[in-house]
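What follows is a single structure, written as structure tokens, with notes after it.
On a predicted model such as this, the values are computed, not experimentally measured, just so you know. Ligands are counted one by one from 1 in listed order, and the atoms in each one are counted from 1 as well. Because only heavy atoms are used, hydrogens play no part in the values below, and waters and symmetry mates are left out as well, while side chains stay in.
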Amino acid sequence: MSNTKFLKLAEVFTYLEKTSSNLAMIDILADFFPQISSQEAKITAYLLRGNLGPSYESLDFGLALKMTVKAIAYSEKIDIKKIENLLQETGDLGLVIEEFKKNKKGKGLSIEEVFKKMIEIAKIGGEGSQEKKIIYLADLLSEVSGIEAKYIIRMILGTLRLGVGEMTFLQGLARAFGKGKEQKEILEYAFNILSDLGEVAFVVSKWGIKKIGEVEPKVGVPIRMMLANRVENLKEVSKHISGNVSVEGKYDGERIQAHIKKNGEISLFSRQHENITHQYPDIIKGLKESFKGKEAIIEGEVVAFDKNENKNLSFQILMSRRRKHKIEEYVQKIPVRYFLFDLLYLNNENYLNKSLKERKFALEKFFKKTKNITFAEYVITDNFLKTENYFNDSIKKGNEGVMVKDFSGIYQAGTRGWLWIKFKKEYEKDLADTFDLVVVGALYGSGRRAKTYGSLLVASYDPETNEYYSFTKVGTGLTDENLAKLPKILDKYKLENKHKLVKTYMNVDVWFEPKIVIEISGAEITVSPVHTVAENKIKTTGKQGGLALRFPKFLRLREKTPEDTTTVKEIYELYKGIKKRN
Ligand code: AMP
């Protein structure tokens, strides 16, 4: 079964690239996976999404466009100028190398061989590493055919863009190794615990669906975080949760999952499962002092704080701690506190299926307050007035709002359900609401914005269809500082044409790959002929168009993945709720 050729995978990539249909992608994956070994399934899971491993251990190639051009020049023995000219024409270095190698056959390297060589290139570090990387890459390119080289180059440049969403991938696996929906739920559960599509693919292909349903959390491997739904009005909480709730301050910081191993080693993971341990040596020290058990996985919000005034500072200030150098200097400059609110694993015991009551009890028993480790404040109640008062107090203390959690609810990893509900102060203002949306296009500005983008076209992701639906165009709220930053952030994702998974009737000056997530507020959801959110659910008497946000205002850049935006379903539910109230 093993030793599948990389060429075969490149052909699968070609089929995937050509389609924008979720069902077709699932078919292609379901057909391919049973033909390959478990190890190949694992590698394929990473390569399909342009990665070399799970997100929490991600490896970068560390090769910029110029260097990659050099490698092609070496391997194909052609002049750099010639490559650059063709690159100008096509805008895609992958197509360029495919053209140069049109008539050349490869050596027939296997998936595992190509992967090993790519890992090797990524791992080269230290002095002279760029030259060495170029030589290794040139060597690899010289051994493969045009179509293989095309995808290798795109992977190295981060421009693979096959558009296989996480859920699409899991649906493909479910069809390959099971019968469908029920199996997909088991796979999704395993993915939520392991945060690693490669590991899920490996286990299911080696041992089958039953085994994958038995996975347990592992200290050191991030668990996908539980998310909250929103309500428009605090009173609506009772529609979803009966009995006691824990009403907690919603702190404006960074959510961090801390993993404390038996040997004392501690790792910190961001919401995107990035390992950010090096950024918070002060938190590591605090946790060592605070923890009284053997091993644990806990969660909380890290917030910047003003020592003199003894008050919390905004998320923006905390973000200046996001750095590779001068960490110790910033530990002093911007002190932080870690507000713990959950415990997922303790001393060899899985706590995910225990109630919040039990989880909080264990958290408070096994951690003690230190200078910078503390607990998120909360009150337990079943009384609406008490919840409302707590919300008002929380706002006065500078929090964003409250999180209301079912006190008897379990921890639903990776799920946005109704066991946790968020209510922010913005929601109180007439219909104002905030959305996390992904930038898919932009229009050039005029006047003060002449050199940059004047407005951004943003979209919401639908995990069901694996497509992005445009929701609004936002220009208001962009400060000069943000305007200057935008091209730097967005231009690496520029596309020649609209991304195949983006659905909109709007035209823009520049299209982007859906990558960058921003938070915006808006005051009204209406039906528009140019936007497409929930278009299939909105009856516009035969006319085209879906839901759109009016009076949008840019709030901030978010550290989220495009697949973690406010979903089409959430927007539609909001729209239905608002319509009913009017
Ligand atoms: P949002 O990002 O608006 O969907 O809100 C959810 C986020 O609120 C979480 O991911 C946390 O970063 C943050 N948060 C702040 N305080 C709490 C809390 N007490 N419980 C859970 N999440 C919190």
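Checked against Glu254 for a salt bridge (charged side-chain N to carboxylate O under 4.0 Å, His left out), the options Arg558, Arg271, Arg322, Arg321 give a single hit: Arg322.
Neither the backbone nor the side chain of Met225 comes within contact range of ligand 1; no heavy atom lies under 4.0 Å. Counting heavy atoms under 4.0 Å from ligand 1, residue Arg230 does not touch it at all.
Of the N or O atoms in Glu301, one or more lie within a sub-3.5 Å distance of an N or O in ligand 1. Annotation: Phe341 places no N or O atom under 3.5 Å from an N or O atom of ligand 1; distance criterion only. Backbone and side-chain nitrogen or oxygen atoms of Tyr251 are examined, and one is located within less than 3.5 angstrom of a nitrogen or oxygen of ligand 1. Between Glu248 and ligand 1, a contact under 3.5 Å exists for at least one N or O pair.
Taking a cut-off of under 4.0 Å to the non-hydrogen atoms of Arg558, the atoms of ligand 1 that pass are 2 (O). Short contacts between ligand 1 and Lys405, defined as distances under 4.0 Å to a heavy atom of the residue, involve ligand atoms 18 (C), 20 (N), 21 (C). Heavy-atom contacts of Gly249 reach the following atoms of ligand 1: 16 (N), 17 (C), 18 (C), 19 (N) (cutoff under 4.0 Å). Heavy-atom proximity to Lys424, at under 4.0 Å, picks out these atoms of ligand 1: 3 (O). Close contacts of ligand 1 with Arg271, meaning ligand atoms under 4.0 Å from a residue heavy atom, involve 2 (O), 10 (O).
Shown here is Glu464, whose CD atom has no more than 12 heavy atoms of other residues, nucleotides or ligands within 6.0 Å. Counted within 6.0 Å of CD on Glu481, heavy atoms from surrounding residues, nucleotides or ligands total 12 or fewer; the atom is thus considered open. Counted within 6.0 Å of NZ on Lys294, heavy atoms from surrounding residues, nucleotides or ligands total 12 or fewer; the atom is thus considered open. Other residues, nucleotides and ligands contribute over 12 non-hydrogen atoms within 6.0 Å of the NZ atom of Lys560.
Counting only non-hydrogen atoms, the option in Arg255, Glu400, Lys422, Met226 that gets closest to atom 9 (C) of ligand 1 is Arg255.
Separation of atoms CD (Glu188) and CD1 (Ile212) is listed at 12.5 Å; rounding is to 0.5 Å.
Between the side chain of Ser355 and the backbone N or O of Ile410 there is no donor-acceptor pair closer than 3.5 Å.
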Checking Tyr338 against Val302 for the side-chain contact (heavy atoms from CB on, under 4.5 Å) test, could you report, in this order, the C-alpha distance in whole Å, the side-chain angles of both residues, the deciding distance, and whether it holds? CA-CA 4 Å; Tyr338 190 18; Val302 167; 3.5 Å; yes

